[in-house]
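As structure tokens, the structure follows; a few thoughts come after it.
This is a predicted model, so every value here is computed, not measured.
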Amino acid sequence: MALFFPKLRAVSIAARFGVAASRSVGWTGGKVADEQKKETKSRVFGARLLSTLVVWAVVIGVFVSANAIAVGVAIAVLAVLGLLEWRKLWKGQADDWCLWAMIIVGAGYLGWWVYSLSSNEHVAEDAEWVAILLVVMGSFGVRFRRPIEGSEAIVSVSVAVLGLIFLGLMFGGGLMRLANAGPTPREGQWFMLMVIAATKFTDMGAYAVGSLVGKNKMIAHISPGKTWEGFLGALLVAQVGIWLVRWAATLGGADQLAWLPQGWILALLGLVVALGAVAGDLAESLLKRSLAAKDSGHVLPGIGGVLDLIDSICFTGPLAWIFLKLVS
């Protein structure tokens, strides 16, 4: 038949070559895309690692200073920067005056805690209630002068109060309470360092293990990158953070953490901190996804903003303080 229809035969051969060529191009394109994806992933990992090392250098520098004011100011600055990013995330969706009330009251609350740490007095123990009261009353006061437009007033007041609680009280106040929890200021700072180390080791464990062997998605609709393998890695690596600081606390001659319950209680603390860190990270992912924001900022390459850095500590600081109260 091909003898009588040479044109038909030529078309058939061309079609076969076309299919093969398209498959080759598709395979090549897919390979290039995979290579680009791997390169991007490596670049992000490198940027994240560099930012993490810089952050740890700052944390250790402040800690080594053994200066209660420096510790308090560092916590307060991070908390205020987080509040500013919170305002940026909600700008256009909540009343800006309510958000500024949150920032001003939050800064005053954190300043009161810095004074409390520097004077070694527990004068800020009940300041949370004052801060919440001021933000609630201030936000409602702002809305009294605005026209009622649907649920805008409720959203504005709620966002301001939630931001104060999440960043001012849970992060800032939580760490300040840990630094103030020991028999001496220095022993309290060591306990705070232990909780921070366990928290960030949880984050690093989840990221590293999830990137290497993660396959089973954990909560894909909130954070597609988180896997159950990463979660298990987080629980294990958190223990490294706990026991590394526990060992370091004995190096100066005096055991700075001898006042804490030991053994399995510390291991349990590591588990509580790890679970809290994962929950805090997911909470911020839920917030960003709800607001269609990839990161809270761009201060830290590979990590994002300050809020992306401290989200997990917002949960672990208060949890560790409550755990200490229960086991002491």
Side-chain angles (χ1 to χ4, degrees), residues 40 44 47-48 51 55 77-107 109-110 131-132 135-136 138-140 142-143 146-174 199-200 202-203 206-207 210 217-227 230-231 276-318:
T40 301
V44 171
R48 187 185 182 100
S51 295
V55 169
V77 167
L78 284 174
V80 171
L81 290 174
L83 288 169
L84 289 169
E85 287 185 355
W86 183 272
R87 170 184 171 266
K88 185 178 177 182
L89 285 172
W90 285 98
K91 194 171 184 179
Q93 302 188 56
D95 192 312
D96 207 37
W97 282 100
C98 294
L99 296 175
W100 275 113
M102 169 199 73
I103 293 169
I104 293 169
V105 172
Y109 163 78
L110 293 162
I132 293 172
V135 170
V136 170
S139 298
F140 271 115
V142 168
R143 295 306 307 181
R146 302 275 198 274
I148 298 175
E149 298 177 359
S151 59
E152 183 182 342
I154 299 173
V155 170
S156 297
V157 174
S158 300
V159 167
V161 174
L162 178 59
L164 174 74
I165 292 174
F166 191 58
L167 295 162
L169 276 59
M170 292 174 65
F171 170 74
T199 302
K200 303 320 291 183
T202 298
D203 293 343
Y207 183 78
K217 300 296 183 182
M218 189 176 175
I219 307 180
H221 67 283
I222 294 178
S223 185
K226 289 182 174 54
T227 63
F231 173 69
V278 173
D281 194 26
L282 286 171
E284 201 230 357
S285 295
L286 175 61
L287 169 70
K288 291 189 297 185
R289 191 160 289 270
S290 300
L291 296 173
K294 185 178 183 298
D295 294 312
S296 65
H298 306 286
V299 178
L300 301 166
I303 295 176
V306 172
L307 188 52
D308 297 304
L309 175 70
I310 67 176
D311 53 5
S312 50
I313 303 178
C314 293
F315 279 37
T316 60

**Item:** Inter-residue atom distance T316.OG1 - D311.CG, 0.5 Å rounding
**Value:** 9.5 Å
**Fill in**
Between L83 and G163, the two heavy atoms sitting closest are CD2-O, 3.5 Å
**Prompt:** Taking all non-hydrogen atoms of both residues, which atom of S223 and which atom of L282 are closest, and how far apart?
**Reply:** CB-CD2, 4.2 Å
**Request:** To the nearest 0.5 angstrom, please state how far the OG1 atom of T227 sits from the NZ atom of K217.
**Result:** 7.0 Å
**Item:** K200 vs L309 side-chain heavy atoms within contact, under 4.5 Å
**Value:** yes
**Message:** A side-chain contact here means heavy atoms from C-beta on lying under 4.5 Å apart; do K288 and D308 qualify?
**Reply:** yes
**Request:** Go through I313 and L78 one step at a time and tell me if the side-chain contact (heavy atoms from CB on, under 4.5 Å) criterion holds.
**Result:** CA-CA 11 Å; I313 303 178; L78 284 174; over 6 Å; no
**Asked** Under a 4.0 Å N-O cut-off, is there an ion pair linking D96 with R87?
**Response** yes
**Message:** I need the I148 CD1 to I154 CD1 distance, nearest 0.5 Å.
**Reply:** 9.5 Å
**Item:** CA sep, side-chain torsions, deciding dist, call: L307, L167, side-chain contact (heavy atoms from CB on, under 4.5 Å)
**Value:** CA-CA 9 Å; L307 188 52; L167 295 162; 3.3 Å; yes
**Asked** If every non-hydrogen atom of S139 is compared with every non-hydrogen atom of C98, which pair is closest and at what distance?
**Response** O-SG, 3.7 Å
**Prompt:** Passes side-chain contact (heavy atoms from CB on, under 4.5 Å), V159 versus W86? Steps please.
**Reply:** CA-CA 9 Å; V159 167; W86 183 272; 3.4 Å; yes
**Prompt:** Atom CZ in F315, atom CZ in F171: separation rounded to 0.5 Å?
**Reply:** 14.0 Å
**Prompt:** Where is the tightest heavy-atom contact between G172 and L110, given as atom of each residue plus distance?
**Reply:** CA-CD2, 3.7 Å
**Asked** Rounded to the nearest 0.5 Å, how far does CG of L84 lie from CH2 of W100?
**Response** 5.5 Å
**Which atom of R289 lies closest to which atom of H221, heavy atoms considered** = CD-O, 3.0 Å
**Message:** So, applying side-chain hydrogen bond (donor to acceptor under 3.5 Å, both in side chains) with S312, which one of D203, D281, T202 is it?
**Reply:** D203
**Message:** Rounded to the nearest 0.5 Å, what separates atom OH in Y207 from atom NZ in K226?
**Reply:** 11.0 Å
**Heavy-atom closest contact (S285 atom, I222 atom, distance)** = CB-CG2, 3.8 Å
